[in-house]
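We use all heavy atoms of the structure for the numbers below, so side chains are in, but hydrogens, waters and symmetry mates are not. The first residue in the sequence is number 1, and the count goes up from there.
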Amino acid sequence: MRVIVLGAGIVGTASAWFLQKAGHDVTVIDRQPGAAQETSFANGCQISVSHAEPWANPSAPLKLLKWLGREDAPLLFRLRPEWLQWRWGMAFLRECTPARTAHNIRQIIAIAEYSRQTLQAVRAETGIAYDCETRGILHFYTDEAEFQQSLPAAQLMRELGCPRETITPDEVIRIEPALAGIRHKIAGGDFTATDESGDIYQFTTGLAARCEQAGVQFRFNTTITRLLSEGSGAAARISGVEVIDEHGHHQRLHADSYVLALGSFSQPLAKAVGIDLLVYPGKGYSATYTVTDPQRAPRVSLTDDGHKLVISRLGNRLRVAGTAELNGYTRELNPVRCEAITQRTRELFPDACDYDHPQYWTGLRPLTPSNVPYIGRTPLGNLFLNTGHGTLGWTMGCGSGKAIADIVSGRRPDVDFAFTGMTRERDEPRMVSLPAKG
Ligand SMILES: Cc1cc2nc3c(=O)[nH]c(=O)nc-3n(C[C@H](O)[C@H](O)[C@H](O)COP(=O)(O)OP(=O)(O)OC[C@H]3O[C@@H](n4cnc5c(N)ncnc54)[C@H](O)[C@@H]3O)c2cc1C
């Protein structure tokens, strides 16, 4: 079968890898000159099953109100006259009940755990080098109340099979001695030994190269302008995709099936063929520093709860990422936010890095209100979804790629997850609607 994958981020590239392994003739289209140039470029680099708790949880509504309009807020809603943002916001509030939060954590753990195992298998098979560290993820808290509030979530994760162990401040320092300078500020922590970190860009570009060797065709510098549909009701399907190619020419490309993996940009293209996805961009920042003293820089991947930052060692670099702003599709760098990241990193690890020459970056997380991605079928028979991976696209990417390849090939994936448009042994399926054409 001929399959076109739309998007060459981690999700599209992993989909292409598993689709070609399943025997399909695969083409990947992306507007950038190479793979992983947008959100999969310079993120926090954590493979963190232990971060399965979504932003939408019972404590979120009050926190969001408190943060509204505060420039330094970890999660900032900038209200805009934009229907999608308001609909997304209302849906986010509906996901904050204890029951929805518990349901969403279950889904995220299932696909994230499956994905980590899938990533490990791909690593072993391909030998891709991506500054991978398998020393676990250490989450530390500098606020006693926040630490206490985190305990039920850690307990739930343990019950669901994620070994997120609650630990004392002394154990925090034993696991990562580079934090010794702030020992007196640490209220507690948790540690998930099975979690990992590694450079998403190196991995994704390495996998794209292996895909090409295996026969996948990549069409870079090619912008998708429209999905074309035909038929109605049960016979509705995608007939092609309209693009502007690398020479500026309009073209129509055709395949038997199409996988939509355009991250934050999936929503408008899907909407034009009647698929209503709640995916909204959540802008985040990262800073990358050159390590100047390897003994003083952390090796274990960290989460600084008080500042909502994640920190990953990538060989001789330190990547620090965080903050979230829901404010449309802008990727503009706000110098105040950039400086706040450097100030905090310098405070944690003085003398460990060259803080005078940081590399700042922003990316748009493709957020669903629940942080559960859309993976599966649509009412258009040959259009499949693999999008909306939000805060955890690196963690869930490989498993999502393997699962969608199974679904496109007519097989049930071997992970128990609420796939879009499919019935499931437990829980309800998630449907996307195809509104009547007016
Ligand atoms: C600051 C920050 C920190 C993060 N930290 C982590 C972390 O530590 N761990 C983790 O698991 N996740 C993390 N994430 C989330 C993760 O990076 C994303 O979920 C993931 O990269 C999304 O991958 P994707 O393939 O869906 O999207 P993308 O990587 O954005 O890929 C989509 C592709 O579609 C292409 N495209 C879009 N529109 C068009 C068009 N019209 N025509 C042609 N091509 C198009 C783009 O060029 C792009 O290559 C972080 C995100 C941010 C912003």
Side-chain angles (χ1 to χ4, degrees), residues 1 3-24 26 28 40 47-49 52 54 103-123 125-126 160-162 200 203-204 207 211 216 256-263 266 270 275 277 279 366 368 370-378 380-432:
M1 183 161 55
V3 185
I4 289 182
V5 177
L6 310 170
I10 178 60
V11 174
T13 306
S15 305
W17 174 253
F18 286 104
L19 282 162
Q20 67 77 25
K21 281 180 94 64
H24 302 299
V26 184
V28 183
S40 305
I47 299 295
S48 48
V49 182
H103 168 87
N104 294 332
I105 290 179
R106 274 192 193 94
Q107 301 309 315
I108 295 168
I109 287 197
I111 192 75
E113 179 63 49
Y114 176 67
S115 193
R116 190 177 53 203
Q117 289 169 17
T118 308
L119 169 69
Q120 288 165 351
V122 174
R123 182 165 76 220
E125 180 185 346
T126 60
L160 294 173
C162 170
I200 182 172
F203 179 84
T204 308
L207 191 61
C211 282
V216 173
D256 302 304
S257 292
Y258 302 81
V259 175
L260 185 73
L262 294 171
S266 304
I275 306 290
L277 300 179
V279 176
T368 62
S370 59
N371 211 34
V372 178
Y374 293 100
I375 309 170
R377 299 179 171 282
T378 71
L380 290 154
N382 60 349
L383 177 64
F384 299 85
L385 301 174
N386 205 358
T387 188
H389 294 71
T391 60
L392 290 176
W394 175 213
T395 304
M396 300 192 276
C398 278
S400 303
K402 189 170 181 196
I404 203 66
D406 280 337
I407 293 169
V408 172
S409 309
R411 288 190 299 269
R412 173 172 281 281
D414 45 10
V415 48
D416 187 20
F417 175 77
F419 289 105
T420 312
M422 292 170 66
T423 49
R424 183 166 173 264
E425 283 131 45
R426 285 189 270 129
D427 285 342
E428 74 275 24
R430 298 188 323 133
M431 297 304 295
V432 285

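We find the CG-CG distance between L119 and L207 to be 9.5 Å, quoted to the nearest 0.5 Å. To the nearest 0.5 Å, atom CD of residue Q107 and atom CG of residue L160 are 10.5 Å apart. How far CG of L392 is from CD1 of I111: 11.5 Å, rounded to the nearest 0.5 Å. Between atom OG1 of residue T420 and atom CD1 of residue I275 there is a gap of 10.5 Å, rounded to the nearest 0.5 Å. For the atom pair L6 CG and L385 CG, the distance stands at 10.5 Å (nearest 0.5 Å). Distance CG/L19 to SG/C211: 9.5 Å, rounded to 0.5 Å.
With contacts defined as side-chain heavy-atom distances shorter than 4.5 Å, the pair F203/C398 qualifies. Residues F18 and S409 fail the side-chain proximity criterion, which asks for heavy atoms closer than 4.5 Å. Between V408 and M1, the closest side-chain pair of non-hydrogen atoms falls below 4.5 Å. The shortest side-chain heavy-atom distance between L277 and L260 falls under the 4.5 Å cut-off. You'll find the side chain of H389 reaches within 4.5 Å of the side chain of I375, heavy atoms only.
In terms of heavy-atom proximity, G388 sits nearest to V279 at CA-CG2, 4.2 Å. G263 and T387 make their closest contact through O-OG1, 3.3 Å (heavy atoms, listed as atom of the first residue, atom of the second, distance). Of all heavy-atom pairs between V216 and A16, the closest is CG2-O, 4.2 Å. Residues V5 and G12 share a closest heavy-atom pair of CG1-O, 3.6 Å. Of all heavy-atom pairs spanning S115 and S400, the tightest one is OG-N, 4.5 Å. Across all non-hydrogen atoms, the minimal contact from A14 to G397 is CB-O, 3.6 Å.
At distances below 3.5 Å, not a single donor-acceptor pair connects side-chain atoms of T395 with backbone N or O atoms of V49. With S40 contributing its side chain and I10 its backbone, the two residues share a donor-acceptor pair below 3.5 Å.
Take T391 and apply the side chain to side chain donor-acceptor pair (under 3.5 Å) test, not counting sequence neighbours, and it matches N371.
Applying the side chain to side chain donor-acceptor pair (under 3.5 Å) test to pairs two or more places apart or on separate chains, those with a residue in residues 6-21 are S15-N386, K21-E125.
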